[in-house]
Amino acid sequence: MTDTVTVADLDLPRWTQRAACRGVRVEVFFPPNGVRPVEALAMCEGCPVRLRCLEYALEEGIAHGVYGGMTERQRYRERRRRRRLAKSA
């Protein structure tokens, strides 16, 4: 029998205690390749710490999973967009 790991079980910053995903199975945010994480993205929409979560993922360079309402591909594009803006400023 395998224990289910939830977001609340992870060693994360204090602000995550207010996250909508607290107590949700981690697998929801790390789906298999080619599977759109619809449930995770929907949960992030109304989350009170969504933007903080996104900034955390961007600052820490987290490459996998859904954070702050963005998939890894979306965060990659956001990092590129921010680098371009910083260069043009």
Side-chain angles (χ1 to χ4, degrees):
M1 186 167 159
T2 305
D3 290 331
T4 301
V5 177
T6 67
V7 174
D9 297 324
L10 302 176
D11 183 24
L12 294 171
R14 189 178 186 133
W15 54 263
T16 61
Q17 293 174 3
R18 297 187 335 269
C21 62
R22 187 157 178 78
V24 175
R25 293 179 342 276
V26 173
E27 296 83 22
V28 170
F29 299 90
F30 297 90
N33 287 337
V35 176
R36 182 138 174 87
V38 177
E39 183 181 353
L41 294 171
M43 194 174 313
C44 292
E45 269 187 44
C47 182
V49 295
R50 183 182 64 80
L51 293 177
R52 181 62 194 106
C53 182
L54 175 59
E55 290 306 317
Y56 172 77
L58 293 171
E59 290 167 7
E60 296 295 321
I62 297 173
H64 302 287
V66 173
Y67 284 82
M70 287 191 175
T71 63
E72 50 253 2
R73 184 173 287 159
Q74 291 168 323
R75 286 194 312 279
Y76 173 78
R77 288 180 186 142
E78 178 63 14
R79 279 191 293 275
R80 286 181 57 204
R81 184 187 75 80
R82 289 181 183 197
R83 279 195 298 267
R84 277 184 297 213
L85 285 173
K87 284 181 183 179
S88 67

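Note that these values count all heavy atoms, side chains included, but never hydrogens, waters or copies made by symmetry.
Remark: the backbone N or O of Pro31 is not paired with any side-chain donor or acceptor of Arg36 at under 3.5 angstrom. Counting only distance, with no hydrogens or angles, the side chain of Thr16 and the backbone of Ala19 share no donor-acceptor pair below 3.5 Å. Proximity of a side-chain donor or acceptor of Arg18 to a complementary backbone N or O of Pro48 within less than 3.5 Å is not detected.
For Arg77, the side-chain hydrogen bond (donor to acceptor under 3.5 Å, both in side chains) criterion is met by no residue, not counting sequence neighbours.
The pair Glu55-Arg82 meets the salt-bridge criterion, with a side-chain N (NZ, NE, NH1 or NH2) lying under 4.0 Å from an Asp/Glu carboxylate O. Salt bridge annotation for Arg81-Glu78: present, with a cationic side-chain nitrogen under 4.0 angstrom from a carboxylate oxygen.
Both Trp15 and Val24 are members of a single hydrophobic cluster when ILVMFWY side chains are connected at heavy-atom separations under 4.5 Å. Hydrophobic clustering (side-chain heavy atoms under 4.5 Å, transitive across Ile, Leu, Val, Met, Phe, Trp, Tyr) keeps Tyr76 apart from Leu41.
Nearest heavy atoms, Gly68 versus Cys53: N-SG, 3.2 Å.
Atom CE of Met70 and atom CD1 of Ile62 lie 14.0 Å apart (nearest 0.5 Å). Rounding to the nearest 0.5 Å gives a distance of 10.5 Å between SG of Cys44 and CD of Glu39. Of the inter-residue distances, the one linking Met43 atom CE with Arg50 atom CZ reads 14.5 Å to the nearest 0.5 angstrom.
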Please step through side chain to side chain contact (heavy atoms under 4.5 Å, CB included) for the pair Gln17 and Val49, ending with a clear verdict. CA-CA 9 Å; Gln17 293 174 3; Val49 295; over 6 Å; no
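Tyr56 and Tyr67 have tilted rings, their planes meeting at an angle from 30° to 60° on a 0 to 90° scale.
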